[in-house]
2 protein chains.
Amino acid sequence: MTVDHAASVIAVIARLKDKGYRITAQRQAMIAQLVESGQALSAFEIWEKLKVRYQDISLDTVYRNLHVLVDLEALTPINALGKESVRYELVDTSHHHHIVCVKCGQTQCIEYCPVDPRLMLVLQTHGYELVRHNLELFGICRQCNPS
Amino acid sequence: MTVDHAASVIAVIARLKDKGYRITAQRQAMIAQLVESGQALSAFEIWEKLKVRYQDISLDTVYRNLHVLVDLEALTPINALGKESVRYELVDTSHHHHIVCVKCGQTQCIEYCPVDPRLMLVLQTHGYELVRHNLELFGICRQCNPS
DNA sequence: CTACGTGCAAACATTTTGCAAAGGC
DNA sequence: GCCTTTGCAAAATGTTTGCACGTAG
């Protein structure tokens, strides 16, 4: 694990402690996995990876701890495709979005946020205070594009 | 049913015919329900409403026909909350987005799209051609806002 | 008449929950 | 030692599929 990764893991663990949650081996392993993967993972994927590199962990526990980590605001749930299950991404990664190819289902990160700041004003007129947003982009990738 | 509604229903039915799908009572009822509701509905909600006003329709048929209608590009799937099931909205309604209150789960349409057109250029550099997008907004509504 | 669409039931995938045992603090 | 967390099993939820019957074209 790199120094950066270790620091991220420690930061999330500190958040756990702050909120009165206990530091268990399973939680540490999950956080480490998410930090090192550097991408959004589903509950099942986290479980699969941890079974190999870490000892046993039950899928139930993965689900429960995902809820805990979302509660901490350490993770953001992402609905990558609507067909697949929800994926979770660390919030301290830089803000970005994902594009999904509607033909092959492959996804890619887009390090650009096209959301106009005037959105906040529009939402205020509706009585809402924006907490976060998630932009789902659907397109056709180079490989699937006939042109 | 208003004249506008009737016209929308007819338009979708024409699309069905065009693509070689058959016009069944169940499909007509589903389309009419979506048009008249004027909002995104889940499979279950469509089924529930049709059981009352129309005769019996099976939930399986609702699911199957939702796939057909998405294939026709008559419906857009929306992942309103990530917790709830996928919802479907007619594509010929004006382009807009939805905001979900993270406290109470209530949703509201926002008739404004804050997506910067320069997004297309950024996506092109990634090799993608944008087909559609869906912006999920999460906020706190007036009722739930302590301030 | 023929292929497509439907309803039923069963399968399937994902997520949640009750409970007793294990473990953090 | 207390209370949270875990693993197991079972349930709940949402969606899909196989099959025989019905029906649009």
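In what follows, every chain begins at residue 1, and chains take the letters A, B, ... in the order their sequences are listed. On a predicted model such as this, the values are computed, not experimentally measured, just so you know.
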Quiz prompt | NZ or CZ of A/Lys49 within 45° of A/Trp47 ring axis and under 6.0 Å | solution =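 Relative to the ring axis of A/Trp47, which defines the angle, A/Lys49 lies outside at least one limit.
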Apply side chain to side chain contact (heavy atoms under 4.5 Å, CB included) to [X] and list each qualifying residue two or more places apart in sequence or on a separate chain.
X	value
A/Gln28	A/Ile13, A/Ile23
A/Arg142	none
B/His126	A/Gln108, A/Ile110, B/Val122, B/Tyr128

Exercise. Any chance you could list the contact pattern along nucleotides 18-25 of chain D? Use B for base contacts, S for sugar-phosphate-only contacts and - for none, protein heavy atoms under 4.0 Å, 5' to 3'.
Key: B-----BS
Practice problem: Kindly point out which of D/dG7, C/dT6, C/dT15 is positioned nearest to the side chain of B/Arg27? | Solution: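 Closest of the options to the side chain of B/Arg27: C/dT6.
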Self-check item: side chain to side chain donor-acceptor pair (under 3.5 Å) pairs, two or more places apart, involving residues 68-77 of chain A
Solution: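 As it turns out, the side chain to side chain donor-acceptor pair (under 3.5 Å) pairs with a partner in residues 68-77 of chain A, which skip direct neighbours, are A/Tyr21-A/Asp71.
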Practice problem: With axes from five pairs an end, tell me the bend angle of the helix from C/dC1-D/dG25 to C/dC25-D/dG1, nearest 10°. | Solution: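 Comparing the first five pairs with the last five, the axes sit 40° apart.
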Phosphate contact ([N] OP1 or OP2) by [X] side-chain N/O below 4.0 Å:
X	N	value
A/Gln26	C/dG23	no
A/Thr61	D/dG7	yes
B/Tyr63	D/dT15	yes

Quiz item: Residues in side chain to side chain donor-acceptor pair (under 3.5 Å) with B/Thr61, at least two apart?
Solution: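 Scan of B/Thr61 (side chain to side chain donor-acceptor pair (under 3.5 Å), adjacent residues dropped) gives B/Ser58.
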Can you tell me how far [atom2] of [N] sits from [atom1] of [X], to the nearest Å?
X	N	atom1	atom2	answer
A/Glu45	C/dT14	CD	P	10 Å
B/Trp47	D/dG14	CH2	P	12 Å
B/Ile57	C/dC8	CD1	P	11 Å
B/Tyr54	C/dG7	OH	C1'	12 Å
A/Met30	D/dT6	CE	C1'	13 Å

Quiz item: Heavy atoms, side chains only, cut-off 4.5 Å: are B/Phe138 and A/Leu130 in contact?
Solution: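 No, side chains not in contact.
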Quiz item: Mapping B/His67 and A/Leu59 to their closest nucleotides on DNA chain D, which lands nearer the 5' end?
Solution: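 Looking at the nearest nucleotide for each, A/Leu59 comes out on the 5' side.
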Quiz prompt | By salt bridge (Lys or Arg N to Asp or Glu O under 4.0 Å) - contacts of A/Asp116 (at least two apart) | solution =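 With sequence neighbours excluded, A/Asp116 shows a salt bridge (Lys or Arg N to Asp or Glu O under 4.0 Å) to A/Arg118, given in chain and number order.
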Self-check item: With sequence neighbours excluded, residues passing ring-ring contact (aromatic ring centres under 6.0 Å, His included) with A/His98
Solution: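 Counting only residues at least two positions away or on another chain, A/His98 forms a ring-ring contact (aromatic ring centres under 6.0 Å, His included) with A/His96.
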